[in-house]
Protein chains: 2
Amino acid sequence: MTDPSGETVVDIARLRRSCGACALSQLCLPATIGHEDMPKLEAAVRQHRPLDAGRTLFAEGSPFNELHVVRSGSLKTVSVQSDGTEQVLGFHLPGDVVGLDAVAEGQHRCTAMTLERTTVCDIPFNAIEDVARRVPGLQRQLYRVISREFVRDQEHLATMGRKQAPERLAIFLKSLSDRRRALGLEPLELTLSMSRSDIGNYLGLVIETVSRLFSRFQDEGLLTVQRRALRILDYDALARLAAGMNDATEGSRQRSPLR
Amino acid sequence: MTDPSGETVVDIARLRRSCGACALSQLCLPATIGHEDMPKLEAAVRQHRPLDAGRTLFAEGSPFNELHVVRSGSLKTVSVQSDGTEQVLGFHLPGDVVGLDAVAEGQHRCTAMTLERTTVCDIPFNAIEDVARRVPGLQRQLYRVISREFVRDQEHLATMGRKQAPERLAIFLKSLSDRRRALGLEPLELTLSMSRSDIGNYLGLVIETVSRLFSRFQDEGLLTVQRRALRILDYDALARLAAGMNDATEGSRQRSPLR
DNA sequence: GCGCTGGCTTGATCAGGGTCAATCCACGGC
DNA sequence: GCCGTGGATTGACCCTGATCAAGCCAGCGC
C-alpha cells in the first residue's frame, strides 16, 4: 500500500519509455512483434499516471472502450452477485491484461480496483483491432494473452471445486510466488497487497479460516507472516501441499478430496 | 445418449447446409457478417459427421489446430489435476465454442468428450485468423464469442466460491434451462446428457449430495426427475433458490453464505 | 428366466470449516 | 498521552456436506 523506497521511482522513470523498452515486453502484447512494427503498437497505447490504492479502474456495467495492462502494482477484479455479496474473481499483477470480460457484451461484467499504488497502460480496443489486422504477430499474441487469462480462470475453478482449505491457500501463495519469479522479482519474500478478506473471498473461505491457516503454516515452518509481509521459508513443502500431498504436515492421514 | 425419433434426422439434413442457413448462426460466428462475406467464412469451416457418445474430440496435451463449434448434442471438458483426479470444467451445448484454452500455449489444456451423439463444426485456427483479418465483423464476433466463454467461467467461479450445495444445483439446472430457451428449445423438459457424477464433479459436490438434492427438489415440488429425464415444475422457485433466497423451501432460516 | 454390472438412491456417521464472539494490534486523530 | 476504528487473530460451538455402507433399479448377456 505504501511505496517503500526506490521501486516507484524506477517505475516513474520507465513511464516515459516505449513498449520496446518496457520490462514487461516479453509477457505483454509486444512479445512477438518485430522492431519495424513496434511503433504501430506504441501509437495505440496510452500511459496513465499512477493510481492510488482503492481506486476504480472500471466499474461493472460501464461501457467498454479499452483494455488495460498492469505495469506496476496490483489490482483485484470483483463482481456483485445477485444476492448482493461480492465475489473476488482475480488478482492482477504486472503483465496481466484486464478488461477482457467486457468484449462480449460491450460493457464490463466486473469492477477492477487497485490494491496499492498502481500504473496501467490503456489500449483502446478499436485501435488494437486496427493494428492487429495489419500486424499478424500482434493478432496472434492478443489471442494468446486472452487465452492465458482463460486458462488461469480454469485452474482457479479446479481449485475451488476439488481442494481443501489448506491446499487452496497453498496454491494461492505458490501462484503468487511463481508469478513474481516470472516477473524477475524476489519470489520468496513479498508484500500481500490484498486483505485477508480479499484472499478469503477469492478462495471461497471465510476470513477466520484464512487467518487460522496462516498461523498453522507458520507453526509448521512453511512461512512467516506479519500483517502483509510474507516470507516463504519452505517453498518445496508449500508446493507439495498445493499439489495435494499433505505429507509431514499432519501425520499421514491421506485424504483424497471428493474420492 | 439415445437419439429418440426425429431430432437427429433433422440434424443430418442440416449438415449439408451452409453457415448462412444454420440454425445457430445468431449465436455462432456468422452473427454479424454480411451476406457478401459469408462464403469467405464458409470456406474455412469444415463439417464433421456425428460422433457417438463418449468420444474424445481433443485430448489434454494434444497440439492445437482448430476451434470447434457444437452444432447438436453436447460435450464436457475435463482436466486432470496434479493429484490425478479429474475436474469437469464445463458442459457445452449447441452454439458453444470449445478449444479456446489451447490458443495460449498451442496445445490443449483440457480434454473434450461427447456426452451423447454430437455434431461439431471444425474451424482451422489459421484459416479463421486469415478470414477475420479481411472481415472486421468476424474479427469482432470472434472476440465476442471468446469473451462469452470467459464470462461463463467467471460466473461458475462465483458459484463455486460463495454458494451452498442446493443453490449450486439450482443454478446449474436453471442455466441448462435458460440455455435451452436461448436455443429455441423447450426449456422446462430436458434430458440430462451428463451423469450424476459429472454434475457433482462440475459443481464441487459428491454424487450422493447431488442425488439427495434431486430427491429433495422433487419432494418440494420444484421438479420431477427419473434417471436422465428432467421436468421443471416450478421454474420461478428454482430461480429464487438459485438467486440465494431459499424461501418456502425449508421454513425461514435465512442463511447468508459466507456472511 | 438368472445373475451381473454400473449408475443411482438412501441412511448413518463424522469432520472440515463456517458462525458467533471476544480480544488483540497498528494506526490515526486529537 | 488517550481513545476510536478496522483489520487480524484465536477460541468454542455446531451445521453442511463428505464419507462409509447398504440397497435399488434398468439394461444386458446368456
Side-chain angles (χ1 to χ4, degrees), chain A residues 1-2 53-54 76 85 88 115-116 159-170 191-219 223-230 241 244 246 249-251 253-259, chain B residues 1-2 53-54 85 115-116 159-170 191-219 223-230 241 244 246 249-251 253-259:
Chain A
M1 209 169 284
T2 56
K76 64 174 176 181
T85 59
V88 174
L115 292 167
E116 59 193 314
T159 303
M160 301 287 270
R162 301 259 83 64
K163 308 293 187 178
Q164 304 287 108
E167 294 171 74
R168 292 192 197 184
L169 186 60
T191 303
L192 299 168
S193 59
M194 65 295 286
S195 67
R196 300 289 192 272
S197 160
D198 285 335
I199 297 173
N201 190 308
Y202 176 66
L203 296 176
L205 303 170
V206 293
I207 184 175
E208 294 96 324
T209 302
V210 175
S211 185
R212 269 185 261 269
L213 285 172
F214 269 129
S215 301
R216 183 170 134 188
F217 286 179
Q218 207 159 197
D219 291 347
L223 48 80
T224 63
V225 56
Q226 21 195 345
R227 274 187 89 62
R228 301 285 179 99
L230 179 79
L241 188 51
N246 34 349
T249 305
E250 43 176 313
R253 191 169 44 82
Q254 183 63 302
R255 186 182 166 289
S256 73
L258 284 163
R259 302 209 190 141
Chain B
M1 208 167 284
T2 57
T85 59
L115 292 168
E116 58 193 314
T159 302
M160 301 286 273
R162 301 259 83 62
K163 308 294 187 177
Q164 304 288 111
E167 294 171 73
R168 291 191 199 184
L169 185 59
T191 303
L192 298 169
S193 59
M194 65 294 285
S195 68
R196 301 288 191 272
S197 159
D198 285 335
I199 296 174
N201 190 307
Y202 177 65
L203 295 175
L205 303 171
V206 292
I207 185 175
E208 295 96 324
T209 303
V210 174
S211 184
R212 269 185 260 271
L213 285 172
F214 269 128
S215 302
R216 184 171 135 189
F217 286 179
Q218 205 159 200
D219 292 345
L223 48 80
T224 62
V225 56
Q226 20 196 346
R227 277 184 87 65
R228 301 286 178 97
L230 179 78
L241 189 51
N246 36 346
T249 304
E250 45 175 312
R253 190 168 43 82
Q254 184 62 302
R255 187 180 166 290
S256 72
L258 286 165
R259 295 195 203 156

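Sequence lines set the chain letters: A, B, ... in the order given, protein chains first and strands last, and positions in each chain run from 1.
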Colleague: Taking CG from B/L203 and C1' from D/dT16, how many angstroms apart are they, rounded to a whole number?
Modeller: 16 Å
Colleague: Between A/L213 (CG) and D/dA8 (P), how many Å, whole number?
Modeller: 15 Å
Colleague: Does A/L230 form a side chain to side chain contact (heavy atoms under 4.5 Å, CB included) with A/T191? I'd like the steps, not just the answer.
Modeller: CA-CA 6 Å; A/L230 179 79; A/T191 303; over 6 Å; no
Colleague: Can you tell me the distance, in whole Å, between the CG atom of A/L205 and the C1' atom of D/dT16?
Modeller: 15 Å
Colleague: Give the rounded distance in Å between these two atoms: CD of B/E167 and P of D/dT16.
Modeller: 12 Å
Colleague: Which heavy atom of A/T85 sits nearest a heavy atom of B/R162, and at what distance?
Modeller: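 Of all heavy-atom pairs spanning A/T85 and B/R162, the closest is OG1-CD, 3.8 Å.
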Colleague: For A/R216 and D/dG11, what is the distance between atoms CZ and P respectively, to the nearest whole Å?
Modeller: 14 Å
Colleague: Walk me through whether B/D198 and B/L115 qualify under side chain to side chain contact (heavy atoms under 4.5 Å, CB included).
Modeller: CA-CA 10 Å; B/D198 285 335; B/L115 292 168; 3.8 Å; yes
Colleague: I need the NZ-P distance between A/K163 and D/dA18, as an integer number of Å.
Modeller: 16 Å
Colleague: I'd like a list of close polar pairs between nucleotides 6-11 of chain C and the protein, N/O only, cut-off under 3.5 Å.
Modeller:
{"unit_1": "C/dC8", "atom_1": "OP1", "unit_2": "B/R228", "atom_2": "NE", "d": "3.2"}
{"unit_1": "C/dC8", "atom_1": "OP2", "unit_2": "B/R196", "atom_2": "N", "d": "3.2"}
{"unit_1": "C/dT9", "atom_1": "OP1", "unit_2": "B/R196", "atom_2": "NH2", "d": "3.2"}
{"unit_1": "C/dT9", "atom_1": "OP2", "unit_2": "B/R196", "atom_2": "NE", "d": "2.9"}
{"unit_1": "C/dT9", "atom_1": "OP2", "unit_2": "B/S211", "atom_2": "OG", "d": "2.9"}
{"unit_1": "C/dT9", "atom_1": "O5'", "unit_2": "B/S211", "atom_2": "OG", "d": "2.9"}
{"unit_1": "C/dT10", "atom_1": "OP2", "unit_2": "B/S215", "atom_2": "OG", "d": "2.2"}
{"unit_1": "C/dG11", "atom_1": "N7", "unit_2": "B/R212", "atom_2": "NH1", "d": "2.8"}
{"unit_1": "C/dG11", "atom_1": "O6", "unit_2": "B/R212", "atom_2": "NH2", "d": "3.4"}

Colleague: According to ring-ring contact (aromatic ring centres under 6.0 Å, His included), who are the partners of B/Y202, at least two apart in sequence or on a separate chain?
Modeller: B/F91, B/H156, B/F172
Colleague: With a 4.5 Å heavy-atom cut-off, do B/S195 and B/R228 have their side chains touching?
Modeller: yes
Colleague: In whole angstrom, give the distance that lies between atom CG of A/N201 and atom P of C/dG17.
Modeller: 17 Å
Colleague: Calculate, to the nearest 0.5 Å, the distance between atoms CZ and CG belonging to A/R168 and A/L213 respectively.
Modeller: 10.5 Å
